[in-house]
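Read through the structure below, which is laid out as structure tokens, and then see the notes.
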Protein chains: 4
Amino acid sequence: MTQTNGKPAPGRRNSQYQKRLSSVLRAASKVIARDGFEGASVREVAAKAKIGLSGIYYYFESKDELLYALQHHAFSTLIESLQEKLAQLSSPEDRLKAVFDNHFQYFANNMDDLKVCVHEIESLSGKYYKKVLKVRQEYYGLVKSVVAEVTGRKNYATNLATLSLFGSLNWVYMWYDKEKNIDIDKVSSQFLRVFLNGVKAS
Amino acid sequence: MTQTNGKPAPGRRNSQYQKRLSSVLRAASKVIARDGFEGASVREVAAKAKIGLSGIYYYFESKDELLYALQHHAFSTLIESLQEKLAQLSSPEDRLKAVFDNHFQYFANNMDDLKVCVHEIESLSGKYYKKVLKVRQEYYGLVKSVVAEVTGRKNYATNLATLSLFGSLNWVYMWYDKEKNIDIDKVSSQFLRVFLNGVKAS
Amino acid sequence: MTQTNGKPAPGRRNSQYQKRLSSVLRAASKVIARDGFEGASVREVAAKAKIGLSGIYYYFESKDELLYALQHHAFSTLIESLQEKLAQLSSPEDRLKAVFDNHFQYFANNMDDLKVCVHEIESLSGKYYKKVLKVRQEYYGLVKSVVAEVTGRKNYATNLATLSLFGSLNWVYMWYDKEKNIDIDKVSSQFLRVFLNGVKAS
Amino acid sequence: MTQTNGKPAPGRRNSQYQKRLSSVLRAASKVIARDGFEGASVREVAAKAKIGLSGIYYYFESKDELLYALQHHAFSTLIESLQEKLAQLSSPEDRLKAVFDNHFQYFANNMDDLKVCVHEIESLSGKYYKKVLKVRQEYYGLVKSVVAEVTGRKNYATNLATLSLFGSLNWVYMWYDKEKNIDIDKVSSQFLRVFLNGVKAS
DNA sequence: TATGAATGAGACTTCATTCAT
DNA sequence: TATGAATGAAGTCTCATTCAT
């Protein structure tokens with residue numbers, strides 16, 4: 001990316017810059033999760049990040065780029081941590097368990113981010129949409145390959161099973177209630193068990 | 001609600017009124033499904049319904065009420081048709097199949113409506129939110145009771161299973177592609193099989 | 001006035017027509033007094049008069065005409081009843097007392113109307129404004145002539161005194177409180193006394 | 001009030017800001033005096049103030065707040081200047097004269113403002129109404145206390161006399177004509193004389 | 001590096017009015 | 001005599017964005 005807007009080259013970014021930037025991201029995550037991307041206002045993000053409204057535009061060239069950054073970062077992290085986990089496992093069932101655990105853990109620690117990823121998929125367009133699509137597909141592909149190890153590579157079944165799996169996982173933000181102290185690991189295990197038994201028996 | 005805004009009492013609504021009203025609803029469904037509730041503009045709904053912008057407000061007192069009408073009607077229809085199907089079936093597995101089929105059929109015939117129901121759940125607030133919540137919970141309860149017949153009423157498992165089920169079903173609009181002529185009945189069967197085997201084995 | 005809008009000629013107006021018309025006028029008076037002319041909506045006037053919104057336009061060709069009718073009728077009545085009272089009195093002081101009493105009595109019985117007359121003087125324009133201006137000036141002239149009998153026709157003083165008098169009288173709607181059971185006759189007497197002593201001593 | 005809308009904290013307001021702000025206030029005063037509060041459009045205020053429509057909302061959070069600012073400022077000024085005058089006078093009659101003069105002078109220099117104060121008293125509601133009510137009552141109380149010095153504190157008479165006085169004063173905008181070069185000091189004196197003689201003789 | 005000030009576009013909504021019936 | 005249905009104009013307000021400083 002060329003530096004057209006005065007943003008410092010990565011090398012010059014100091015820790016102050018990083019701190020502010022992630023403060024903005026966190027604020028954006030919270031506000032967009034609550035109000036939706038269209039409903040969220042840059043004003044409120046700025047207020048929550050404790051910088052002036054126009055300060056946002058030092059860090060991001062547009063509201064769209066803000067959403068892009070949020071989504072891209074979340075998917076990248078998800079992929080990275082999943083790959084790390086998978087690298088140490090060989091049994092298909094353990095590997096599938098890693099998929100569930102990884103997703104649920106990320107969700108537990110970054111609810112707002114994951115909600116924004118799931119709910120605002122179609123809020124971007126153009127270049128930002130394409131870039132996010134790419135990582136999303138990478139994540140999808142990675143998960144599908146693990147599912148395939150269990151289903152035995154019957155393509156049609158694997159595809160549908162993976163889509164069903166994503167549906168279950170992505171819906172979590174709709175019913176998970178922080179306050180209720182639900183044990184997310186148990187949820188993960190239970191979801192895994194149903195899914196695993198389901199695909200194996202089919 | 002008192003009739004201060006000239007909306008005729010139900011008894012006097014003629015067929016012309018009904019035709020226009022459902023034309024508005026169809027337009028709204030399409031636009032909101034495409035742009036999201038916040039992103040959708042009443043102007044465009046009106047244009048698609050071929051009435052003047054202010055004409056919308058003869059039929060609905062606000063954009064919110066429009067969304068409410070859409071969601072409430074969809075859930076009510078879903079419940080009604082499911083109840084009709086269930087009334088004629090007694091085997092738990094047939095009944096569970098009815099749940100899947102009913103949902104997928106409704107989706108196939110009313111994609112936009114279902115997307116609006118799933119994606120814009122949190123776009124309402126206040127009285128409209130509450131009213132929709134009520135029918136949503138009714139639908140959820142109905143489905144859960146059928147799932148319970150299969151899981152054997154172990155409450156915790158039934159709950160999670162039902163939530164997982166809804167996740168799978170509600171996610172469909174994200175990947176289903178009309179153009180690709182996917183056979184929705186097959187999808188329903190496949191989803192059913194995985195889910196059923198999953199919960200039975202667990 | 002020519003009959004362009006299908007309004008029946010006076011001769012054909014039956015009592016049903018009269019009843020509805022005054023129901024509309026009463027409703028308009030109340031709503032306009034409360035919300036101001038601009039703030040008042042024809043819709044609400046119709047609702048309060050228990051006819052359909054477009055029904056108003058059978059009786060009045062526009063919102064402006066409605067205000068005109070209200071104001072013109074009020075001033076005419078005020079003039080008429082004052083003239084009747086004056087016709088029977090000869091002492092200047094009694095006649096001035098009649099002015100006060102007449103105004104206060106009309107106010108007591110038609111608060112909304114008088115408020116609309118006082119507060120919405122400038123809300124009309126064009127022909128309606130001119131017509132109301134005429135009766136207003138007639139009323140003003142009448143009162144001024146009575147004041148002159150007391151001040152002894154020194155023009156400048158009479159003018160200012162009359163204006164001061166109208167100010168006092170017209171302001172009443174701002175502080176008079178129906179609920180407090182204020183004795184309007186006492187108020188009239190007291191206002192008269194101060195004014196009379198004031199102009200006589202000057 | 002928290003500063004969520006970018007309005008600078010008082011300390012940081014520069015003179016440019018002040019200049020624009022009073023330009024907006026002046027424009028608003030003129031437009032609202034002419035068209036009434038409901039009839040006035042923010043658009044026209046902006047045009048007269050030579051800023052963009054939305055620029056208004058940088059200075060005021062709503063049309064209501066604009067009216068509030070106008071009214072509150074006018075009454076505060078009126079009170080302040082009256083208190084200054086009264087501080088230097090001891091004779092009851094001189095003090096009453098100060099009341100008249102103060103009011104008339106303020107009117108002469110700020111006709112639009114005073115008209116807006118008098119005519120749009122009921123155009124506000126909620127918090128803005130309450131705040132203005134408070135200063136209005138303060139002004140009323142101040143004037144009443146001066147009147148009481150002359151009437152000798154007979155409460156009922158003092159009250160009515162003060163109300164009558166305000167009526168006379170507030171009505172001025174209805175008949176005072178700038179073009180006619182009326183001598184406002186003479187008007188003040190004449191009004192004072194009538195009122196003073198009136199209450200003293202009663 | 002950050003923001004105060006401003007803006008143009010566009011949003012939802014209300015309103016007086018009309019006209020066929 | 002009255003109204004159901006519809007509309008165009010206008011209104012207030014919010015928003016993402018810009019730019020001089």
Side-chain angles (χ1 to χ4, degrees), chain A residues 5-8 12-14 16-17 20 38-46 51-64 66, chain B residues 3 5-9 12-14 16-17 20-21 38-46 51-64 66, chain C residues 5-8 14 16-17 20 38-46 51-64 66, chain D residues 3 5-9 12-14 16-17 20-21 38-46 51-64 66:
Chain A
N5 62 345
K7 221 180 283 186
R12 298 193 46 217
R13 286 174 187 166
N14 59 21
Q16 166 74 353
Y17 177 93
R20 297 264 196 163
E38 284 271 4
S41 92
V42 178
R43 262 174 174 81
E44 193 173 355
V45 172
I51 65 174
L53 164 59
S54 38
I56 296 281
Y57 291 87
Y58 181 73
Y59 296 94
F60 297 96
E61 66 180 9
S62 69
K63 195 186 174 190
D64 278 16
L66 193 46
Chain B
Q3 300 293 132
N5 61 346
K7 214 182 286 184
R12 306 200 54 183
R13 285 175 188 163
N14 57 22
Q16 167 73 354
Y17 178 93
R20 293 266 196 162
L21 183 136
E38 285 270 4
S41 92
V42 177
R43 214 175 215 97
E44 193 171 356
V45 172
I51 64 175
L53 164 58
S54 51
I56 296 282
Y57 291 87
Y58 185 70
Y59 294 93
F60 296 96
E61 66 181 12
S62 68
K63 195 186 175 189
D64 277 18
L66 193 45
Chain C
N5 61 347
K7 218 180 284 184
N14 58 22
Q16 166 73 352
Y17 178 93
R20 297 261 195 166
E38 284 272 2
S41 92
V42 177
R43 263 175 173 79
E44 194 174 354
V45 172
I51 65 175
L53 163 59
S54 37
I56 296 281
Y57 291 86
Y58 181 73
Y59 296 95
F60 296 96
E61 66 180 9
S62 71
K63 195 187 175 190
D64 278 15
L66 194 45
Chain D
Q3 300 293 134
N5 61 344
K7 215 180 286 184
R12 308 199 53 182
R13 285 174 187 163
N14 58 21
Q16 168 73 355
Y17 178 91
R20 293 267 195 162
L21 183 135
E38 285 270 4
S41 92
V42 177
R43 215 173 216 98
E44 192 171 357
V45 172
I51 64 175
L53 163 59
S54 50
I56 296 283
Y57 291 87
Y58 185 69
Y59 294 92
F60 296 96
E61 67 181 11
S62 68
K63 195 187 174 188
D64 277 18
L66 193 45

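Numbers restart at 1 for each chain; the letters A, B, ... are given by sequence-line order, proteins then strands. Keep in mind the model is a prediction, meaning the values are calculated, not measured.
The backbone N or O of A:Ala40 sits less than 3.5 Å from a side-chain atom of A:Lys63, completing a donor-acceptor pair.
Mapped onto DNA chain F by nearest heavy atom, B:Gly55 and D:Arg43 fall at different nucleotides, with B:Gly55 at the one closer to the 5' end. Heavy-atom nearest nucleotides on DNA chain E were determined for B:Ser41 and for D:Gln16, and the one closer to the 5' end corresponds to D:Gln16. Checking D:Glu38 against C:Gly52, the closest nucleotide of DNA chain F that is more toward the 5' end is the one next to C:Gly52.
In this structure, CD of C:Glu44 is placed 10 Å from P of E:dA16, rounded to the nearest angstrom. Summarising the geometry, the separation between OH on A:Tyr59 and C1' on E:dT3 is reported as 12 Å, rounded to the nearest angstrom. The nearest whole Å value for the distance from the CG atom in C:Leu53 to the P atom in E:dC15 is 11 Å. To the nearest angstrom, P of F:dT7 lies 12 Å from OH of B:Tyr58. One atom, CD1 of A:Ile56, and another, P of F:dT17, lie 11 Å apart when rounded to the nearest Å. For A:Glu61 and F:dA16, the CD to P distance is 16 Å, given to the nearest whole Å. In this structure, B:Lys63 places its NZ atom 4 Å from P of E:dC12, rounding to the nearest Å. Going from atom CG of C:Asn14 over to atom C1' of F:dA2 covers 14 Å, rounded to whole Å.
Using a 4.0 Å heavy-atom cutoff across all strands shown, B:Ala46 reaches no nucleic acid atom at all. Contacts of B:Ser54 with the nucleic acid, taken as non-hydrogen atoms under 4.0 Å apart, include base atoms. Among the heavy atoms of the strands lying under 4.0 Å from A:Arg20 are primed sugar atoms or P, OP1, OP2 only; no base atom is included.
Side-chain atoms of A:Val42 and A:Tyr57, non-hydrogen and from C-beta on, do get closer than 4.5 Å to each other.
With rounding to the nearest 0.5 angstrom, the CG atom of B:Leu66 is 5.0 Å from the CZ atom of B:Phe60. How far CD1 of D:Ile51 is from CD1 of D:Ile56: 4.0 Å, rounded to the nearest 0.5 Å. B:Arg43 contributes atom CZ, which lies 5.0 Å from atom CG of B:Leu53 (distance to the nearest 0.5 angstrom).
For the OP1/OP2 pair of F:dA5 and a distance below 4.0 Å, the side-chain nitrogens and oxygens of B:Tyr57 include no atom meeting the criterion.
Base-pair partner of F:dA9: E:dT14 (Watson-Crick or G-U wobble, both distances under 3.5 Å). With a 3.5 Å ceiling on both atom-pair distances, the Watson-Crick or G-U wobble partner of F:dA20 is E:dT3.
Comparing atom distances between the D:Tyr17 side chain and each of F:dT17, F:dT12, E:dA5 picks out E:dA5 as nearest. Of the candidates E:dT3, E:dT17, F:dC13, the closest approach to any side-chain atom of A:Ile51 belongs to E:dT3. For B:Val42, the side-chain atoms get nearest to E:dC12 when compared with the rest of E:dA16, F:dT17, E:dC12.
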